[in-house]
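Step one of this worksheet: look at the structure below.
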Amino acid sequence: MERIMPEKVKYPIGQQDFKVLRQQGRLYVDKTRYIEQLVEEDQYYFLGRPRRFGKSLFLSTLKYFFEGERELFKGLYIDSIEWSWEKYPVLHLDLNPERYSDKGMLENILNSRLKEWEKEYDIENDGADYSQRFRRIIESAHGKTGRQVVILVDEYDKPLVGNLNRPDQFEYFQEKLASVYSNFKSSAEHIKLVFITGVSRFSKLSVFSDLNNLRDISFSDDFADICGITESELHHYFIPGIQKLADVEGISFEEACAELKLNYDGYRFSRRRSDIYNPWSVLNAMRESVVQDYWAETGKPTIVVEALRNLNVDLEKILNTDCTLDQLKGLDLSNIEPLPLLYQTGYLTIKAYDRETKLYNLGIPNREVSRDLFKALLPYYISVERDTPDSVARDILNSIIKGEPEKMMESINIFLAGIPYEMKIEDKNNFHNAIYILLRLIGARTETEVHTSDGRIDLVVKTPKFIYIIELKFEKDSQTAVNQIEKKQYDLQFRHDPRQIFHIGANFNNTTRRLDKPEIRKIK
């Protein structure tokens, strides 16, 4: 491939139409090898990926491939295989543009697309329902062209995800979509390929209940890299952009790569494949020549945050846990579990797989996602003045770095003082979550529930020079907390560490809504 010089690179930010992208000479990470696999193996596919992960662009690529526009694929992998390049009828339903705040939005999209297809294939609309109209379109398209139909559905679940907290509207959208999607099975003889994308894979949901031959490739090793950017793709397509980033920031090429990896890498969607970079964030970082939080700007994790808060989960445990594949696959809307919700929306990802136990270890993908999640969670636990968080966060971080535990605890108390009185802090779990979120948000290297031979340490905060062992109590006293650290020898594993160790016992007083005076002991 011809080396791309920096001044020639056009990054496809927000460009999801493959034809426009290619005609404008924008950078395209070649994923067309997966098209060959799709057409050879099955008829019906589902792919689940987080938002802004390239699903729409891949569907657009499929569209133009099946429409036979070979010129667009010159120089790409798929142009090298043996293929007739005949034009197939393609029905592309994109549900992504609307917010679906009312029922009419879905009807407008469905009716508009059906009208276009009816006009294209000379079908009279006699007032039939959506399901009947769609079935006629599929049959007519096959009959008039002599070729089976390709059906592409982008973000099938957008109307559903946006209405998780509105049962009546959710059920209405579910019924309408199910009536359209039911034709995928009943019209199988007229269909060449069905490819459906979305964020969530709902369980116990009748939208696809009849389509028992739908192949879910969301966790497939063979299709793990179908969206996103791999390490090898980063170094193949983005060398000029990385070098420009390094030059602008005044760092080395290697340091620029490390920054990109820390912030945008870490996603994994199968048992054996390597990590994947978020494509939206990488493309923006290349265009702007600066590493910052781009994915967070595309949407707020409101549903995720509300679910975590309502379920009163232990954040320390849920954000680093093991689970089965079945737990990851389904979202049961009558009983929402945090793990599949966090995974499918991109706030957790696979970090490791144990072949013997068949368990997946989950964790937060990268620094960008971590900041986005904890920034969104913080207001649900602590309410502070607009200008307070950043300044107090800096004070906390500075005191941690300088080895000033008294100042650290004083600053934490400023945050805790902002907990609204209407918020229930009835248990230790909420208190722990608030402290955990705060320390993670400011960038402190924090480990929680650290196991020892005689129990578990609540919090361990590490810097290059200091180790803080923190025991948190709720409605007890600070003395009891620090005594527990020493009685159970929580610092035993750090005895040979050259860093200065602090034991900190802290108690949250629910009456004063603050920490009592902490007990702090300098060990060495």
Side-chain angles (χ1 to χ4, degrees), residues 16 38 42-63 90-101 103 105-114 117 130-131 133-135 137-138 149-164 166 169-188 191-220 223 226-227 269 299 303 328-333 340-341 343-346:
Q16 300 172 346
L38 293 175
D42 285 288
Q43 185 180 13
Y44 297 91
Y45 293 92
F46 170 73
L47 174 69
R49 287 291 185 270
R51 69 178 190 271
R52 294 293 187 179
F53 236 86
K55 302 186 297 293
S56 297
L57 178 57
F58 184 77
L59 274 197
S60 178
T61 307
L62 277 177
K63 173 181 181 293
V90 177
L91 305 178
H92 184 194
L93 177 61
D94 183 4
L95 296 178
N96 195 43
E98 295 291 348
R99 295 178 62 87
Y100 302 101
S101 55
K103 297 176 181 178
M105 290 181 174
L106 177 61
E107 292 193 3
N108 288 340
I109 283 185
L110 291 178
N111 197 44
S112 174
R113 296 302 290 140
L114 292 173
W117 295 329
Y130 293 141
S131 179
R133 291 171 66 188
F134 193 41
R135 182 163 55 252
I137 291 167
I138 294 171
V149 178
V150 174
I151 301 175
L152 309 174
V153 181
D154 197 6
E155 304 288 4
Y156 91 94
D157 56 346
K158 181 76 177 289
L160 305 174
V161 172
N163 288 278
L164 287 175
R166 287 174 278 192
Q169 197 148 295
F170 182 94
E171 290 176 10
Y172 176 82
F173 287 141
Q174 176 183 329
E175 180 184 347
K176 290 295 181 185
L177 291 173
S179 69
V180 173
Y181 299 151
S182 64
N183 290 286
F184 295 165
K185 184 174 183 178
S186 61
S187 303
I191 294 174
K192 170 72 174 176
L193 180 81
V194 172
F195 198 96
I196 304 162
T197 73
V199 170
S200 302
R201 185 188 188 279
F202 292 106
S203 64
K204 301 182 180 179
L205 189 62
S206 61
V207 172
F208 298 123
S209 59
D210 294 330
L211 199 59
N212 50 20
N213 58 342
L214 181 67
R215 181 181 175 186
D216 184 357
I217 60 174
S218 305
F219 297 88
S220 169
F223 293 94
I226 194 170
C227 292
F269 301 107
I303 295 173
L328 283 185
K329 276 188 173 182
L331 266 180
D332 180 357
L333 300 172
L341 182 64
Y343 175 83
Q344 293 178 26
T345 51

Spell out, as yes or no, whether a donor-acceptor pair under 3.5 Å connects the side chain of [X] to the backbone of [Y].
X: Tyr100; Y: Phe173; answer: no
X: Thr61; Y: Leu57; answer: yes
X: Ser179; Y: Lys176; answer: yes
X: Arg51; Y: Gly299; answer: yes
X: Asn163; Y: Gln169; answer: no
X: Tyr172; Y: Lys103; answer: no

Not counting sequence neighbours, which residues clear salt bridge (charged side-chain N to carboxylate O under 4.0 Å, His left out) with Arg166? List them please.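 Salt bridge (charged side-chain N to carboxylate O under 4.0 Å, His left out) check on Arg166 returns nothing, list empty.
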
Looking at residues at least two apart in the chain, or sitting in another chain, which of them share a salt bridge (charged side-chain N to carboxylate O under 4.0 Å, His left out) with Lys55?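 For Lys55 the salt bridge (charged side-chain N to carboxylate O under 4.0 Å, His left out) partners, ignoring immediate neighbours, are Glu155.
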
For residues 90-99, dump all side-chain donor-acceptor pairs below 3.5 Å to protein atoms at least two apart in sequence or in another chain.
{"residue": "Asp94", "atom": "OD1", "partner": "Asn96", "partner atom": "N", "Å": "3.0"}

Please find out if less than 6.0 Å separates the ring center of Phe58 from that of Phe223.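 No, ring centres 6.0 Å or more apart.
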
Look up atom [atom1] in [X] and atom [atom2] in [Y], then write down how far apart they are to the nearest 0.5 Å.
X: Arg135; Y: Ile138; atom1: CZ; atom2: CD1; answer: 8.5 Å
X: Leu47; Y: Ser220; atom1: CG; atom2: OG; answer: 10.0 Å
X: Thr197; Y: Asp154; atom1: OG1; atom2: CG; answer: 4.0 Å

Write down the atom of [X], the atom of [Y], and the distance for their closest heavy-atom approach.
X: Asp42; Y: Leu193; value: O-CD1, 3.9 Å
X: Leu114; Y: Tyr130; value: CD1-CD2, 3.5 Å
X: Gly198; Y: Asp157; value: CA-OD1, 3.4 Å
X: Leu152; Y: Leu59; value: CD1-O, 3.4 Å
X: Gln344; Y: Ser200; value: OE1-CA, 2.9 Å
X: Tyr156; Y: Leu177; value: O-CD1, 3.6 Å

Show your reasoning for whether side-chain contact (heavy atoms from CB on, under 4.5 Å) applies to Tyr181 and Phe134. CA-CA 9 Å; Tyr181 299 151; Phe134 193 41; 5.9 Å; no

Heavy-atom check, side chain of [X] versus side chain of [Y], under 4.5 Å:
X: Pro159; Y: Ile109; answer: no
X: Pro340; Y: Lys329; answer: no
X: Phe269; Y: Ser218; answer: no

Using the side chain to side chain contact (heavy atoms under 4.5 Å, CB included) definition, which of the options Ile191, Leu214, Val194 pairs with Gln43?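 One option only clears the test, and that one is Ile191.
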
Set out, in order, the CA-CA distance, both residues' side-chain angles and the distance that settles side-chain contact (heavy atoms from CB on, under 4.5 Å) for Ile217 and Phe195, then state yes or no. CA-CA 10 Å; Ile217 60 174; Phe195 198 96; 4.1 Å; yes

Evaluate Ile137 against Val149 for side-chain contact (heavy atoms from CB on, under 4.5 Å), listing each step before the verdict. CA-CA 10 Å; Ile137 291 167; Val149 178; over 6 Å; no

Kindly indicate, with the supporting measurements, whether the criterion side-chain contact (heavy atoms from CB on, under 4.5 Å) is fulfilled by Val180 and Val153. CA-CA 11 Å; Val180 173; Val153 181; over 6 Å; no

